[in-house]
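To start, the structure itself, in structure tokens.
The first residue in the sequence is number 1, and the count goes up from there.
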Amino acid sequence: MDNALQIIDTLLKYVSITFLIYCCLNSLYKFYFIKSYTISDFRISLITLIFIFLKLSASTLSIYNGGLLGLNYNNIIAFIVMFIGFYLHNKITEPRKKFFRLFIFYLIGLYMMI
């Protein structure tokens, strides 16, 4: 059970980092070229946040399972930073500011995840 949980945790880490890189590059591209904010941009940022939460949950489960992986506090802080960025970008109506907020907060989260 512990080995399977470690494999899931590692897999979720790589998937989360991949989604974070894609979301950061997408936000930077659309910010730079002044593109409109679409529903697919919202979905990408939300799915990224969901995978980060699943990664945090898997690392928390490894503590209760007795694994040596433990809870990484960088993951908690990264999730909180990205959640704040997601919350703040929902409050803004101008697309350029939305992409800037997503890029900055998700880039900070990516830096903390790596």
Side-chain angles (χ1 to χ4, degrees):
M1 178 76 178
D2 188 36
N3 191 22
L5 192 58
Q6 287 179 351
I7 291 171
I8 291 171
D9 188 44
T10 306
L11 181 65
L12 281 172
K13 179 180 179 180
Y14 291 132
V15 170
S16 300
I17 289 174
T18 304
F19 270 100
L20 272 173
I21 290 171
Y22 179 73
C23 190
C24 286
L25 291 177
N26 183 35
S27 297
L28 182 65
Y29 172 77
K30 291 192 175 192
F31 172 75
Y32 185 71
F33 290 111
I34 309 172
K35 301 285 184 177
S36 64
Y37 187 78
T38 60
I39 191 70
S40 65
D41 297 321
F42 176 76
R43 288 177 184 161
I44 288 169
S45 60
L46 185 62
I47 287 172
T48 304
L49 198 62
I50 290 170
F51 274 114
I52 298 297
F53 178 73
L54 290 175
K55 163 69 176 97
L56 182 64
S57 299
S59 63
T60 305
L61 280 176
S62 68
I63 290 175
Y64 294 117
N65 199 19
L68 297 175
L69 256 172
L71 184 62
N72 190 358
Y73 290 110
N74 286 341
N75 289 338
I76 295 172
I77 296 170
F79 175 73
I80 291 171
V81 166
M82 286 183 283
F83 186 75
I84 290 170
F86 184 78
Y87 177 76
L88 289 177
H89 109 280
N90 279 336
K91 297 293 181 187
I92 297 174
T93 57
E94 187 179 338
R96 196 168 157 101
K97 287 184 180 180
K98 279 182 176 274
F99 288 127
F100 184 72
R101 293 258 169 100
L102 276 178
F103 175 70
I104 292 298
F105 283 99
Y106 277 35
L107 186 67
I108 293 170
L110 176 64
Y111 177 71
M112 295 186 83
M113 288 286 293
I114 292 176

Y29/F33 aromatic ring centres below 6.0 Å: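 Yes, the ring of Y29 comes within the 6.0 Å limit of the ring of F33, centre to centre.
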Report the distance from atom [atom1] of [X] to atom [atom2] of [Y], rounding to the nearest 0.5 Å.
X: L88; Y: I104; atom1: CG; atom2: CD1; answer: 12.5 Å
X: I92; Y: K98; atom1: CD1; atom2: NZ; answer: 7.5 Å
X: L49; Y: L102; atom1: CG; atom2: CG; answer: 10.0 Å
X: I114; Y: N74; atom1: CD1; atom2: CG; answer: 12.0 Å
X: F99; Y: L28; atom1: CZ; atom2: CG; answer: 11.0 Å
X: T48; Y: I21; atom1: OG1; atom2: CD1; answer: 11.0 Å

With sequence neighbours left out, what residues match Y22 under ring pair (Phe, Tyr, Trp, His ring centres under 6.0 Å)?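 Residues passing ring pair (Phe, Tyr, Trp, His ring centres under 6.0 Å) with Y22: none at all.
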Any sub-3.5 Å donor-acceptor pair from [X]'s side-chain atoms to [Y]'s backbone N or O?
X: S59; Y: L56; result: yes
X: K13; Y: K55; result: no
X: S16; Y: F51; result: yes

Please, which pairs that meet side-chain hydrogen bond (donor to acceptor under 3.5 Å, both in side chains) have at least one residue in residues 82-94, sequence neighbours excluded? Y37-H89
Shared hydrophobic cluster for Y14 and I8 (ILVMFWY, side-chain gaps under 4.5 Å): no
Common cluster, L107/I44, ILVMFWY with side-chain heavy-atom separation under 4.5 Å: no
Check the pair F86 / Y106 against side-chain contact (heavy atoms from CB on, under 4.5 Å), numbers first and verdict last. CA-CA 9 Å; F86 184 78; Y106 277 35; 3.7 Å; yes
With a cut-off of 6.0 Å (strictly less than), are more than 12 heavy atoms of other residues, nucleotides or ligands near NZ of K30?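 Counting neighbours around NZ of K30, more than 12 heavy atoms of other residues, nucleotides or ligands fall under 6.0 Å, so yes.
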For a side-chain contact (heavy atoms from CB on, under 4.5 Å) check, start with the C-alpha distance between D41 and K35, then their side-chain angles and the critical distance, and finish with the verdict. CA-CA 11 Å; D41 297 321; K35 301 285 184 177; over 6 Å; no
Angle class for the F53/F79 ring planes (parallel below 30°, perpendicular above 60°, tilted otherwise)? tilted
Stepwise side-chain contact (heavy atoms from CB on, under 4.5 Å) test for M82 and F105: CA-CA 5 Å; M82 286 183 283; F105 283 99; 5.5 Å; no
Could you give me the CA-CA distance, side-chain angles and deciding distance for L20 and I52, then say whether side-chain contact (heavy atoms from CB on, under 4.5 Å) is met? CA-CA 9 Å; L20 272 173; I52 298 297; 3.8 Å; yes
What one should report as the nearest heavy-atom pair of G109 and A78 is O-CB, 3.8 Å
